[in-house]
Amino acid sequence: MSNSDQSYFDSEEEIQEQENNPELIKTNEIVEDSDSDSDSEDDVPISQRRTKLNSTTSSISDATLINDKINSHSSSSSDSDSDQPLSKRMPNNNSSQKILDPKKRKIKKESKTTATNESSDSEDDIALSKRRKTTPLKKVKKEIKTEIKKEIETEIKREIKREIKTEEPKKATKRTRVKKEEDDEKPSKKKKTTAKVKEEKVSKKKKKEEEEDEVFRWWDNEKEDDSIKWTTLEHQGPYFPPEYVSHGIKMKYKGEPIDLVPECEEVANFYAQVIGTDWGENPTFRKNFFKDFLKVIKKKQPNCPIKKFEDCDFTPLTEYFTEQKEKRKAMTKEEKEVIKKEKQEIEDKYGWALLDERKEKVGNFRIEPPGLFRGRGEHPKTGTLKYRVYPESVTINIGKNAKIPEPPEGHKWGKIIHDNTVTWLAMWKENVNDSFKYVWLAAGSSLKGQSDFKKFEKARELKKHIGKIREEYTLELKDKLMATRQRATALYFIDKLALRAGNEKGDDVADTVGCCSLRYEHVTLEPPNRVIFDFLGKDSIRYYNEVEVSKQVYKNIEIFKRAPKKEGDMLFDRLNTTILNKYLQKSMKGLTAKVFRTYNASYTFQEELKKTVKNSTMNEKLLAYNRANRQVAILCNHQRAVSKNHSDQLKRIQDKILTSKYQRYLVSKEMLELDPTLKKKKPELGRLSRGITKEFIKSYEEKELEKKKAKLERDNEKRKIDGKELLTLEDMEKAKRQPSMERLQKQYDTLSKRIKAQQVLLIDKDENKATALGTSKINYIDPRISAAWCYKYDVPIEKIFNKSLRNKFKWAVEVDENFVF
DNA sequence: GTAAAGACTTGGAATAATATTG
DNA sequence: CAATATTATTCCAAGTCTTTAC
């Protein structure tokens, strides 16, 4: 970071500086006379302050507005409001960002939507309370285990004979679970099971035990000291990617095919595979790649004529890889099966570790293959060649008495250590940024689970201190000492806006900042009390937020930005994360800046969840959940690029809605024909919704006609075979029987329901276009809040936690519905 | 006390797997 | 049943924060 600011802010004490450094006098004057300021705003209770802040924050307030709208919408079940253009109702925060963003971000291929399950609302057939209480025994005895296994086996043998013999009980469990989900809620077309319901129910309980009997229930007895992570540790070491094998395809240089030794060819491949993506166009990427390409050439093939990037033609290679991709896609089932099996074998061997005699899953047991470094944002090293890692540079961490895994043939391990104060199994140093890479246990492992648990407990601990901390920093906002004042202001932002701490970074990485590393140009003031943040945060994701702050904070920023400070200078020149965290430790043991993010995320989530309507449908509950999740994601600024075809997707759904509406209109017209008096009772009948234009009707009718014709053709085909006479469209019309009022009403209701569901989906999808929910769900929201919510509102946990989340959070799902974060 | 090393969490994108649709 | 859409998983970069070295 620039140290220029350092030159005029050298000493610690304000008073000293005032004497020694004339440039600071102005600043100090303000600091002193601002002593008299009082900040009435900060006297407002914390809980209210947050909402207050939200309502003044553009992005958040927009979202809240939508919330209100949707809530009223879903409860009143009127669909008219959806006719309003969606864009108006959405927080346009992101779109403006995209335009303003000086650094181009990659465009994503595809958008993801929230998991708004279009499933029926029927509840699980087992009472939730009961299911929860089937807490398994701590250690199920071997005999019981095999007994259960047998039972399951007999139960599902019929359909999955093959699998059950070769696979772990895990697989069987999965099966039953799928089945369960099906009969629970999914009106899924797939009904692959013929097993009897009774059997299933029995299996459910057994399965539960079976599933957890091997689980180490560390959360039952917490241990205080966790500096020792394990006593025994066995594993197979990491898995190395296969050596490069030449494909014999030649790239061209100056139009001529050129021979490359495998080492060079491999590097050329890396670039060839990036052509057609943004990386291929990125000048820094190209430059770095080519520099390293030349380096490899010089070393491995000095007589190679390649000198200039412009004369290189990688397209033959690119084509080859496209071809390969297609081939892979076109593989037969059997071929795919073989590959899958090989993959499974590797996983079986390397994917597990024995930690204190317990089998635990290894997360990333694969050594990263060589390639071109894909640094994000404007990373100066993007495109740099990442070397192949050999065992010689890998350190193995393993138990003293454990068998040391065999390194790949002809190789030796770099180092073997037995450090039980760390959790990694293997480690190596990567060449691009000189950083370490580790092999760790998976997210569902006990070690990870324990620290996850600790993290949330720490955040809950903060809850006890937050009042005092807020009081203190509010006071310190007016402190005479510049350093203190900066610290307080920074903390205010970290607390209110969930900013990251903001460590200082070198200049060989992308220029991104967090709170402590904010610079002059990242914060602008707008009288009377608006602060505009605009900077690139982690992963070069833009943070843009307009916030109304207290007078004191506004004033402070004004002071911190005062000349001679200019663009490029640190806003908080007296502060860094070490100072801040040291201060925080005083308020609470182990407190650091990041805990605020966890705390505020979980707390916000819990508060937002209170908006769930008790007796709403499953879809509505899930929408409420997602919405709470989304508020947290917005708070934490978890973004994703809007997919290219997002608007197409919306249009398609809107079209579906219109179609349904039109169909409903047609039905209602028939109803009126049957009973004209209905119009009085239900004036909405026979009314055409807005948005249904003549063009729409025309295209709809055309499509319908097409369908009818197609059906007719099919029918006639059959009739031909049967020797019956052929029909015409008119015949078909005639054949339709006159529907009864009852039938029509039913149709009408079905369509209404469908429309509503589609609209919920539409809103959810659009609200979500630029927000990534995953990160907050995985890392910031205490899973116990989610679990408690599920129990309280009778939502099966599977609806909100997928398999890996359930596994990761298995320590959390045992809370009762009264859990409070 | 400061910088570098080290270990761990957090983050979005890429890719694989699965579900839905035409 | 193939094409497409959606969701889950994997990948690995980029943060935070602690410890160690000087």
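Residue numbers begin at 1 in each chain, while the letters A, B, ... track the order of the sequences.
- The nearest whole Å value for the distance from the CG atom in Asp434(A) to the P atom in dG6(B) is 10 Å.
- Contact check, Arg366(A) against dT10(C): no side-chain N or O comes under 4.0 Å of OP1 or OP2.
- Counting non-hydrogen atoms under 4.0 angstrom, Asp452(A) reaches nothing in the nucleic acid.
- OP1 or OP2 of dA8(C) has not a single side-chain nitrogen or oxygen of Lys803(A) nearer than 4.0 Å.
- Counting any heavy atom pair closer than 4.0 Å across all strands shown, Thr423(A) reaches sugar-phosphate atoms only and no base atom.
- Each of Lys538(A) and Lys458(A) lies near DNA chain C, and the nucleotide nearest Lys538(A) is the one positioned closer to the 5' end.
- For the residue pair Ser776(A)/Asn629(A), the side-chain donor-acceptor check at 3.5 Å is satisfied.
- Across all strands shown, Gln585(A) has heavy atoms under 4.0 Å from sugar-phosphate atoms exclusively, and none from any base.
- In this model, no donor atom of one side chain and acceptor atom of the other lie less than 3.5 Å apart for Tyr387(A) and Ser393(A).
- For the residue pair Asn581(A)/Thr592(A), the side-chain donor-acceptor check at 3.5 Å is not satisfied.
- The interatomic distance linking Leu773(A) (CG) with dT6(C) (P) rounds to 15 Å, in whole Å.
- Under the 3.5 Å distance criterion, with hydrogens and angles disregarded, a donor-acceptor pair is assigned to the side chains of Ser435(A) and Glu430(A).
- Set against dA13(C), dT9(B), dC17(C), the side chain of Lys386(A) has dA13(C) as its closest nucleotide.
- Among the protein residues, Gly502(A) comes within range of the sugar-phosphate backbone only, with heavy atoms under 4.0 Å from sugar or phosphate atoms but none that close to a base.
- Taking atom CZ on Arg597(A) and atom C1' on dT16(C), their separation rounds to 11 Å, with Å as the unit.
- Contact annotation for Asn802(A): backbone-only contact, meaning every heavy-atom pair under 4.0 Å involves sugar-phosphate atoms and none involves a base.
- Backbone-only engagement by Trp424(A) is indicated by non-hydrogen atom pairs under 4.0 Å involving sugar-phosphate atoms exclusively.
- Atom CG in Asp539(A) sits roughly 8 Å away from atom P in dG11(B) (whole-Å rounding).
- Note on Trp440(A): a side-chain N or O is less than 4.0 Å away from OP1 or OP2 of dC8(B).
- Salt bridge Glu457(A)/Arg460(A): present, at least one basic N to carboxylate O contact under 4.0 Å.
- Atom-to-atom, NZ of Lys454(A) to P of dT18(C) comes out at 11 Å; the value is rounded to the nearest Å.
- Lys343(A) comes within 4.0 angstrom of sugar-phosphate atoms only, judged by non-hydrogen atoms across all strands, and of no base.
- Side-chain nitrogen and oxygen atoms of Lys594(A) include at least one within less than 4.0 Å of the OP1 or OP2 phosphate oxygen of dT10(B).
- Defined by atom type and a distance below 3.5 Å, a donor-acceptor pair is present between the side-chain atoms of Lys505(A) and Thr512(A).
- Summary of the strand contacts: Gly590(A) and Leu805(A) both lie near DNA chain C, and taking for each the nucleotide with the nearest heavy atom, the more 5' one is attributed to Leu805(A).
- Side-chain N/O atoms of Arg500(A) include none lying less than 4.0 angstrom from OP1 or OP2 on dA14(C).
- Listed by chain and number, the residues in a side-chain contact (heavy atoms from CB on, under 4.5 Å) with Arg366(A) are Tyr239(A), Lys343(A), Ile346(A) (sequence neighbours excluded).
- Between the CD1 atom of Ile778(A) and the C1' atom of dA8(C) there is a distance of 10 Å, given to the nearest Å.
- Put simply, Ser451(A) has a side-chain N or O that comes within less than 4.0 Å of OP1 or OP2 on dT9(B).
- The Phe373(A) side chain lies nearest to dA14(C) when the options are dG15(C), dA14(C), dT9(C).
- Taking 4.0 angstrom as the limit, His638(A) places a side-chain polar atom (N or O) nearer than this to OP1 or OP2 of dG11(B).
- Contact between the side-chain N/O atoms of Thr775(A) and the OP1/OP2 oxygens of dT10(B) is not found at any separation under 4.0 Å.
- Gln273(A) contributes atom CD, which lies 9.0 Å from atom OG1 of Thr322(A) (distance to the nearest 0.5 angstrom).
- Distance from the side chain of Ser804(A) is smallest to dT9(C) among dC12(C), dT9(C), dG11(B).
- Atom CG in Asn431(A) sits about 14 Å away from atom C1' in dC12(C), given to the nearest Å.
- The phosphate of dC17(C) (OP1 or OP2) has a side-chain N or O of Asn581(A) nearer than 4.0 angstrom.
- Across the interface with DNA chain B, nearest-nucleotide mapping of Lys455(A) and Lys429(A) shows Lys429(A) to be the residue nearer the 5′ end.
- The residue among Tyr780(A) and Arg328(A) whose nearest nucleotide of DNA chain B is located toward the 5' end is Tyr780(A).
- Atom CD1 of Ile579(A) and atom C1' of dC17(C) are 15 Å apart (whole Å).
- Contact annotation for Ala510(A): no contact, since no heavy-atom pair falls under 4.0 Å across all strands.
- Among the heavy atoms of the strands, none lies under 4.0 Å from Lys325(A).
- For Thr512(A) and dA14(C), the shortest distance from a side-chain N or O to OP1 or OP2 is not below 4.0 Å.
- Comparing dT16(C), dC8(B), dC11(C) by their nearest atom to the side chain of Asn503(A) picks out dT16(C).
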